[in-house]
Peer 1: 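Okay, handing you the structure first.
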Amino acid sequence: MTASGDDVTILFAEPGARWRSVAYGPLLCLVVLNLELVTAAQVHWFALVFCAALIAGFVVLQVIAGQRHVSVELTPATLREGTETLPLAAIDAVLPERDEGSWDDEDWESARSLGELSGIPRRRTGIGLRLVGGDTVQAWAKDHRRLRAALTEALGGTDADPPTRTEETEDSEKGADR
């Protein structure tokens, strides 16, 4: 998919919030208005219009904040998480997913999350990234598997391999079994 204005290829995008949610409150007030008209009850014109405008106003603020702070966009050159943009050249590898069967946390799970937020936003899942300097950070997305696949493809398949068992580890385990 390409952006119309910049002609930049977008490999992955999550908007953070959608404008259609602004209409939900006013639509609910419209349903209540119709119910009041049909049942011949007293129609609360002012209250319904006031509530519709108030709800829409609050949701507009939430949509703007969501699009600014919780959106994700991956292009062939950059990964943008909220207000922070990271060049793909600064990413060394995409780290393996968390092992759900393991009791131990992965090292990258305690790393700083990208964006200016203090942690991973709600209903998002972290993805470990190793940077060129050796530091680790967390990218995040709702559809984290699709972002992981797009990131791995954009980096040229440099997904970090899971730790492999060495002969020394196997020998020590055999010695412990005896």
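Each residue takes its place number in the sequence, starting with 1. Keep in mind that the numbers below use all heavy atoms, side chains included, and drop hydrogens, waters and symmetry copies.
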Peer 1: Using a 3.5 Å distance criterion without hydrogens, assess whether the side chain of E73 forms a donor-acceptor pair with backbone atoms of A13.
Peer 2: no
Peer 1: Does any part of the side chain of D107, heavy atoms only, come nearer than 4.5 Å to the side chain of T136, both counted from C-beta?
Peer 2: no
Peer 1: Between R124 and V70, is a side chain to side chain contact (heavy atoms under 4.5 Å, CB included) present by the stated rule, with each step listed?
Peer 2: CA-CA 9 Å; R124 273 54 175 190; V70 193; 3.1 Å; yes
Peer 1: Restricting to non-hydrogen atoms, name the atom on S113 and the atom on S118 that form the minimum distance, rounded to 0.1 Å.
Peer 2: OG-C, 4.4 Å
Peer 1: Linking I/L/V/M/F/W/Y whenever their side-chain heavy atoms sit closer than 4.5 Å, directly or via other members, would V31 and L37 fall into one cluster?
Peer 2: no
Peer 1: Indicate every side-chain donor-acceptor pair of residues 39-48 with a distance under 3.5 Å to a residue at least two apart or in another chain.
Peer 2:
residue : atom : partner : partner atom : Å
T39     : OG1  : L35     : O            : 2.8
H44     : ND1  : E36     : OE2          : 2.8
H44     : ND1  : Q42     : O            : 3.4

Peer 1: Does any part of the side chain of I91, heavy atoms only, come nearer than 4.5 Å to the side chain of V132, both counted from C-beta?
Peer 2: no
Peer 1: Please evaluate residues L79 and L88 with respect to the criterion side chain to side chain contact (heavy atoms under 4.5 Å, CB included), reporting the C-alpha separation (whole Å), side-chain torsions for both, the decisive distance (0.1 Å), and the verdict.
Peer 2: CA-CA 7 Å; L79 170 64; L88 290 187; 4.2 Å; yes
Peer 1: Answer yes or no: is there a side-chain heavy-atom contact under 4.5 Å between V63 and R18?
Peer 2: no
Peer 1: Less than 4.5 Å apart, side chain to side chain, heavy atoms only: is that true for R148 and V94?
Peer 2: yes
Peer 1: To the nearest 0.5 Å, what is the distance between CG (L131) and CG (L129)?
Peer 2: 7.0 Å
Peer 1: Would you check, one step at a time, whether the test side chain to side chain contact (heavy atoms under 4.5 Å, CB included) holds for V22 with F58?
Peer 2: CA-CA 9 Å; V22 174; F58 281 126; over 6 Å; no
Peer 1: Are any side-chain N or O atoms of E81 and backbone N or O atoms of G115, one a donor and one an acceptor, separated by less than 3.5 Å?
Peer 2: no
Peer 1: Minimum heavy-atom separation for I55 and G25, please, with both atom names.
Peer 2: CG2-CA, 3.6 Å
Peer 1: So which atom in R130 and which in G134 form the shortest heavy-atom distance, rounded to 0.1 Å?
Peer 2: CG-O, 4.3 Å
Peer 1: What residues, two or more places apart in sequence or in another chain, satisfy side-chain contact (heavy atoms from CB on, under 4.5 Å) together with L28?
Peer 2: none
Peer 1: CD of E153: more than 12 outside heavy atoms within 6.0 angstrom?
Peer 2: no
Peer 1: Walk me through whether H144 and E97 qualify under side chain to side chain contact (heavy atoms under 4.5 Å, CB included).
Peer 2: CA-CA 10 Å; H144 63 98; E97 280 190 66; 3.9 Å; yes
Peer 1: Looking only at heavy atoms, what is the nearest atom pair of V59 and S21, with distance?
Peer 2: CG1-O, 3.6 Å
Peer 1: Where is the tightest heavy-atom contact between R146 and F12, given as atom of each residue plus distance?
Peer 2: NH2-CE1, 3.4 Å
Peer 1: Specify the closest pair of heavy atoms between W140 and L114, including all atoms of both residues, with the distance to one decimal.
Peer 2: NE1-O, 2.9 Å
Peer 1: Is a donor on one side and an acceptor on the other found under 3.5 Å between the side chain of E14 and the backbone of K142?
Peer 2: yes
Peer 1: Please name all residues satisfying salt bridge (charged side-chain N to carboxylate O under 4.0 Å, His left out) with R112, sequence neighbours left out, ordered by chain then number.
Peer 2: E84
Peer 1: Can you find a side-chain donor-acceptor pair between T75 and R80 that sits under 3.5 Å?
Peer 2: no
